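One structure below.
Chain A is the first sequence line, chain B the second, and so forth, proteins listed ahead of strands; every chain is numbered from 1. Since the structure is predicted, the reported quantities are computational estimates derived from the model, not experimental observations.
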Protein chains: 2
Amino acid sequence: MNAAGRFARYLSTNRLKMTRTRRAILEEILAIRGHFTADDLLAHFRRRGRDVAPATLYRTLARLVEAGLVHRIDMAKGQARYEPMFGRHHHDHMICVSCGKIIEFENRTIERIQADVCRRKRFTLVEHTHQLRGHCAQCSQNGTPAARPRGAS
Amino acid sequence: MNAAGRFARYLSTNRLKMTRTRRAILEEILAIRGHFTADDLLAHFRRRGRDVAPATLYRTLARLVEAGLVHRIDMAKGQARYEPMFGRHHHDHMICVSCGKIIEFENRTIERIQADVCRRKRFTLVEHTHQLRGHCAQCSQNGTPAARPRGAS
DNA sequence: GCCACAATTGAGAATGATTATCAATTTTGC
DNA sequence: GCAAAATTGATAATCATTCTCAATTGTGGC
């Protein structure tokens, strides 16, 4: 089933409604196909004349996350990123602290060990976050200034 | 060298000052020996009559993190947790979403694979976050209500 | 040990992403 | 097509954390 269909099913299962606004938001996300912030989406809509209230967008993103169609990447600070998860499986992220680029990675061994760790501690895993922060290939190459000691100019 | 000594060295290296307030905060943290929030510390101080301004506490915590004496655990929402890192090495966390308990875990294989992944993508790792969220042994046992579908009572 | 000067403190305001409120509007099962 | 329930948008609220700035406190050099 396609994304719109899955969202529709999720909504009806939960006695929620498929509205024009929700459809528009899902379409916009499918068109982006990448990582984005709530503000990115709001800007897209504004550019196209269609105006969506921030509250509505946040509410819809929450529903999409619940439906498993979108994944939310909580950043240490600043806005959260979102990414469509339609037709994709789980992966984790490397985040460039210089340019903000997000690189995805996926490792079955890590996932397996993680599950083992939980089993050993009798911990029932619900979700996890695995973020590597550092400098991407381009930024390290271009001599991105490293964290400067205090007092240095 | 002990924690106070290391902090003093960090401060002087960076042209910062060892003040009475900073000493008090470090002592309080060493006394706690566990995970805590900024508010936990503020409450401790208030209880003892010594009042520390939130701004000051946050500033000092930031210095302690920079000095490598304290680690900050960014939560998806709500206050950040901190933990003393004096005389300990790196570990990651399992966080119980029912009771808030934080369980530490440590796995060399995961760390090694992580480093490999970075090498392959030419990514210069600065720091990482690896959090497993779910239900701890006690909470799963006590029949903690699972995430309830919408509309259910 | 004192002094000048830079760093620190505290009080309070500001920030900023996200969430809550609520009246007006839209969907939908029947 | 209707009534009931959900949604929307405008706006206010939240809340952890950071900023501002005047008053205070450490410290290196003498």
Between [Y] and [X], is there a salt bridge with N-O shorter than 4.0 Å?
| X | Y | result |
| --- | --- | --- |
| B:Glu28 | B:Arg50 | no |
| B:Glu104 | A:Lys121 | no |
| B:Arg63 | B:Glu66 | yes |

Check your understanding: Relative to the ring of A:His35, is the ring of A:His93 parallel (under 30°), tilted (30 to 60°) or perpendicular (over 60°)?
Key ->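 If you compare the ring of A:His93 with that of A:His35, the planes turn out perpendicular.
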Review point. Which word best sums up how the rings of A:His130 and A:Phe105 line up, parallel for under 30°, tilted for 30 to 60°, or perpendicular for over 60°?
Key: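 Perpendicular.
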How many Å lie between [atom1] on [X] and [atom2] on [N], as a whole number?
| X | N | atom1 | atom2 | result |
| --- | --- | --- | --- | --- |
| B:Arg9 | D:dT27 | CZ | P | 17 Å |
| B:Leu26 | C:dT8 | CG | P | 15 Å |
| B:Met18 | D:dG26 | CE | P | 12 Å |
| A:Leu42 | C:dT19 | CG | P | 13 Å |
| B:Asp74 | D:dA16 | CG | P | 14 Å |
| A:Lys17 | D:dA6 | NZ | C1' | 4 Å |
| A:Arg15 | D:dA3 | CZ | P | 22 Å |
| B:Leu16 | D:dT25 | CG | P | 19 Å |

Less than 4.0 angstrom between a side-chain N/O of [X] and OP1 or OP2 of [N], yes or no?
| X | N | result |
| --- | --- | --- |
| B:Lys77 | C:dT19 | yes |
| B:Thr21 | C:dT8 | no |
| B:Ser12 | D:dT27 | no |

Looking only at the side chain of [X] (C-beta and beyond, no hydrogens), which of the listed nucleotides [options] gets closest?
| X | options | result |
| --- | --- | --- |
| B:Tyr58 | D:dT18, C:dG10, C:dT9 | D:dT18 |
| A:Arg20 | C:dT26, C:dA20, D:dT17 | C:dT26 |
| B:Ala55 | D:dC19, C:dT18, C:dT27 | D:dC19 |
| A:Arg72 | C:dT18, D:dT8, D:dT7 | C:dT18 |
| B:Ala38 | C:dG10, D:dA4, D:dT17 | D:dT17 |

Check your understanding: Taking for each residue the nucleotide of DNA chain D bearing the nearest heavy atom, is the 5' side occupied by B:Thr19 or by A:Arg50?
Key ->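 Checking each residue's closest nucleotide, the 5'-ward one belongs to A:Arg50.
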Point to revise | Stepwise side chain to side chain donor-acceptor pair (under 3.5 Å) check, A:His91 with A:Glu83 | key: CA-CA 11 Å; A:His91 54 260; A:Glu83 61 184 349; 3.0 Å; yes
Look at all strands and tell whether [X] reaches a base, only sugar-phosphate, or nothing, counting heavy atoms closer than 4.0 Å.
| X | result |
| --- | --- |
| A:Arg59 | base |
| A:Asp51 | sugar-phosphate |
| A:Thr56 | base |

Exercise for review: Starting from the 5' end of DNA chain C, give me the residue, B:Arg22 or A:Tyr82, whose nearest nucleotide shows up first.
Suggested key: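 In this pair, the answer is B:Arg22.
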